Colleague: 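Okay, handing you the structure first.
For this chain, numbers begin at 1 and follow the sequence in order. Note that this is a predicted model, so its numbers are computed, not measured.
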Amino acid sequence: LRSTTVTNREIFARSLDKVAPDAAAAVRATKNWRFGYPKHVVKNVEVCCSSTKACLDVCKDGLEAAHNLFQMVSDDGVTRSMAEEMRVNTTTTFETGLLRGTKRRAPGTPYVVPYKGKNLSGAELCAQADRWVAYGTIEPSAGEAIKRVANNPDQFLDLSDEYFVLLGATSAMGPLLALLELGANIVAVDLNRPFIWNKLIAAVKNSPGTMYYPLPETMPQSEIDESKIAALAGCNLLTDTARIRNWLVDFMPTKRLTIGGYAYLDGALHVQLAVSMDAIMAGVSARRADTRLCFLCSPTDVFANADEAVLDAQKNYKNAPAWQKLFENLGVLKPNVGRPVPSDNDTNVTIVNGLVVQQGPNYALAKRIQHWRAMLCRAGRQTVSTNIAPSTATASVVHNSSFAAAYGGMHKFK
């Protein structure tokens, strides 16, 4: 299956074949998948909310389909599924380079959050966190987490013995700079482009952190100096997937790894990256059971909604200004309220549909793959962080004029 549209639709269908065959048939019957996919993504989430077993079956079958249907073509023209590539390619790897920062983090250094031209810390940061919670910018649990760190910096802000694998180290939304500032050990996975590694080198040197990075097998760390790192370091998540997995499996075996998937590309390449990052995460987790996984999820997706968020949304709708009510009466605006889904634990789960059709089915599948992996690993008692990021005006987003306009007017709505 070479078309990402055909492959995309089939992955969603196979995820539902076992637990919701009628829903799977409806997926396959959708002719214009490019614009017809949203209701099926919502249905996929509804099925997952119906029971734990259904959820884990959807996750397992969806990921299995993705790994079996996405194909890799080697340099010598051999075509394999991602699953087969990860099975047969178990020996290729990288050498490991090392670069240490030149700064030191002093004990008691406060937790600082830059906001509107100021650096907030201590009581000022806690007060701002309370204002964000009161307005609805962040969830109460996020506010409490910010205040806990602000009030106990020495307990949380020394990451000198933590190892973070950043898949897409220079991603615009990635945590590279924050982690380096906290003295973390970064295992940087990014393209072998000198401008990328010059940026990484500069960031590491101006921090108390440490960076480990991949080098060609034929180029041991002892044979290069710093001036050559940018020309030699790096790898490709799409073509070196198994090789990266192999390297990470053997990297610092006595240390616990935290792997974050942050790489992003537009269109079909995004879902291809998602499958590649998932294969790496799954492969390392299978060999290193204490591996932790991190995802930065998108608000333009489908989620189960917390009861408190539902009540808050109802309150905001009731108190909406007159001009919004007028546009609702004209059919321009409508409430985004999903029907409650009965679950086998005697509760109803409310779904929020935040999909933006213009982003397309590949984006939706890429995020669904992350959710599927997160839920499977969490059920297996693996530590997973899968926070929902805010809408963020990165270059990859606002180059679309529709998104730029929406972001510009977002403050008018609550």
Colleague: Can you spot which of Val165, Thr96, Val284 makes a side chain to side chain contact (heavy atoms under 4.5 Å, CB included) with Trp247?
Modeller: Thr96

Colleague: Under the salt bridge (charged side-chain N to carboxylate O under 4.0 Å, His left out) rule, collect the residues that match up with Lys39, sequence neighbours excluded.
Modeller: none

Colleague: Do His371 and Phe295 have ring centroids that are under 6.0 Å from one another?
Modeller: no

Colleague: Are any side-chain N or O atoms of Thr137 and backbone N or O atoms of Val133, one a donor and one an acceptor, separated by less than 3.5 Å?
Modeller: no

Colleague: Tyr212 vs Tyr163 aromatic rings, parallel, tilted or perpendicular, using cut-offs 30° and 60°?
Modeller: tilted

Colleague: Taking only residues two or more places apart in sequence, or in another chain, which ones meet Ala178 in a side-chain contact (heavy atoms from CB on, under 4.5 Å)?
Modeller: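 Here no residue qualifies.
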
Colleague: I want to check something: taking the side chain as every heavy atom from C-beta on, are Arg28 and Asp17 in contact at a cut-off of under 4.5 Å?
Modeller: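 Side-chain contact under 4.5 Å: yes.
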
Colleague: Is the ring centre of Tyr115 less than 6.0 Å from the ring centre of Trp132?
Modeller: yes

Colleague: Keeping the roles fixed (side chain from Ser171, backbone from Tyr262), state whether a donor-acceptor pair exists under 3.5 Å.
Modeller: yes

Colleague: Restricting to side-chain hydrogen bond (donor to acceptor under 3.5 Å, both in side chains), what partner residues turn up for Glu124, sequence neighbours left out?
Modeller: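 Per chain and number, Glu124 pairs via side-chain hydrogen bond (donor to acceptor under 3.5 Å, both in side chains) with Lys118.
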
Colleague: Would you indicate whether the side-chain heavy atoms of Ile229 and Leu215 approach each other to under 4.5 Å?
Modeller: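 No, side chains not in contact.
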
Colleague: Evaluate side chain to side chain donor-acceptor pair (under 3.5 Å) for Glu328 paired with Tyr317, printing each intermediate quantity in order.
Modeller: CA-CA 11 Å; Glu328 180 185 3; Tyr317 174 72; 2.7 Å; yes

Colleague: Could you go through the side chain to side chain donor-acceptor pair (under 3.5 Å) check for Thr5 and Asn8 one step at a time?
Modeller: CA-CA 5 Å; Thr5 299; Asn8 185 305; over 6 Å; no

Colleague: With sequence neighbours left out, write down each residue that passes salt bridge (charged side-chain N to carboxylate O under 4.0 Å, His left out) with Lys147, or none if nothing qualifies.
Modeller: Asp130, Glu144

Colleague: Please identify each residue that fulfils salt bridge (charged side-chain N to carboxylate O under 4.0 Å, His left out) with Glu139, with sequence neighbours left out.
Modeller: none

Colleague: Look only at the side chain of Arg105 and the backbone of Ser160, and say whether a donor-acceptor pair between them is shorter than 3.5 Å.
Modeller: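 Not at all, since once roles are kept as given, no pair shorter than 3.5 Å links the two residues.
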
Colleague: Partners of Asp290 by side-chain contact (heavy atoms from CB on, under 4.5 Å), sequence neighbours excluded?
Modeller: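 Counting only residues at least two positions away or on another chain, Asp290 forms a side-chain contact (heavy atoms from CB on, under 4.5 Å) with Arg256, Arg288.
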
Colleague: Do you know the tightest heavy-atom contact between Ala24 and Ala13?
Modeller: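 Scanning both residues, the minimum pair turns out to be CB-O, 3.3 Å.
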
Colleague: Just verifying a value: how many Å separate Ile11 CD1 and Ile369 CD1, rounded to the nearest 0.5 Å?
Modeller: 5.5 Å

Colleague: Can you measure from CG (Leu99) to CE (Met211) and round to the nearest 0.5 angstrom?
Modeller: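 So the gap between those two atoms works out to 5.0 Å.
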
Colleague: Within the distance-only criterion (no hydrogens, no angle test), does the side chain of Asn192 pair as donor or acceptor with the backbone N or O of Cys235 below 3.5 angstrom?
Modeller: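 Here the side-chain-to-backbone pair does not exist.
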
Colleague: With rounding to the nearest 0.5 Å, note down the distance linking OG in Ser81 to CG in Asn68.
Modeller: 5.5 Å

Colleague: Checking the side chain of Ser207 only, and the main-chain atoms of Val204 only, is there a donor and an acceptor separated by less than 3.5 Å?
Modeller: yes

Colleague: Any donor-acceptor pair under 3.5 Å linking the side chain of Asp344 with the backbone of Ser51?
Modeller: no

Colleague: So, the side chain of Asn246 versus the backbone of Thr92: is there a donor-acceptor pair under 3.5 Å, distance only?
Modeller: yes

Colleague: Which heavy atom of Leu265 sits nearest a heavy atom of His270, and at what distance?
Modeller: O-CB, 2.8 Å

Colleague: Checking Pro21 now: which residues fulfil side-chain contact (heavy atoms from CB on, under 4.5 Å) with it, not counting sequence neighbours?
Modeller: none

Colleague: Counting distance only, does the side-chain N/O of Arg245 pair as donor-acceptor with the main-chain N or O of Met281 below 3.5 Å?
Modeller: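 Judged by distance alone, no pair lies under 3.5 Å.
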
Colleague: Going by salt bridge (charged side-chain N to carboxylate O under 4.0 Å, His left out), name the pairs with one or both residues in residues 359-380, residues two or more places apart or in two chains.
Modeller: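 Passing the test, one end in residues 359-380: Asp278-Arg373, Asp301-Arg368.
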
Colleague: Is it the case that Tyr264 and Asp266 place a side-chain donor and acceptor less than 3.5 Å from each other?
Modeller: yes

Colleague: Quick one: which of Phe12, Phe35, Trp33 gives a ring-ring contact (aromatic ring centres under 6.0 Å, His included) with His40?
Modeller: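 Looking at Phe12, Phe35, Trp33, the match for His40 under the ring-ring contact (aromatic ring centres under 6.0 Å, His included) is Trp33.
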
Colleague: Specify the closest pair of heavy atoms between Met375 and Leu56, including all atoms of both residues, with the distance to one decimal.
Modeller: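 Taking Met375 first and Leu56 second, the nearest heavy atoms are O-CD2, 3.9 Å.
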
Colleague: Just to verify, what does Ser285 make a side-chain hydrogen bond (donor to acceptor under 3.5 Å, both in side chains) with, not counting sequence neighbours?
Modeller: Gln382

Colleague: Please tell me if the side chains of Glu10 and Arg14 come closer than 4.5 Å, counting only heavy atoms from C-beta onward.
Modeller: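 They are in contact (side-chain heavy atoms under 4.5 Å apart), so the answer is yes.
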
Colleague: With sequence neighbours excluded, what pairs up with Gln358 under the side-chain contact (heavy atoms from CB on, under 4.5 Å) test?
Modeller: Val356, Phe403

Colleague: Any chance you could measure Asn198, atom CG, to Leu200, atom CG, to the nearest 0.5 Å?
Modeller: 9.0 Å

Colleague: Among pairs that include at least one residue of residues 186-195, which meet salt bridge (charged side-chain N to carboxylate O under 4.0 Å, His left out), considering only residues two or more places apart or in two chains?
Modeller: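 Every candidate salt bridge (charged side-chain N to carboxylate O under 4.0 Å, His left out) pair involving residues 186-195 fails, so no pair, neighbours aside, qualifies.
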
Colleague: Applying side-chain hydrogen bond (donor to acceptor under 3.5 Å, both in side chains), can you list everything that pairs with Lys103, at least two apart in sequence or on another chain?
Modeller: Asn206

Colleague: Rounded to the nearest 0.5 Å, what's the gap from OG on Ser15 to CH2 on Trp372? Could you check?
Modeller: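 So the OG of Ser15 and the CH2 of Trp372 are separated by 4.0 Å.
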
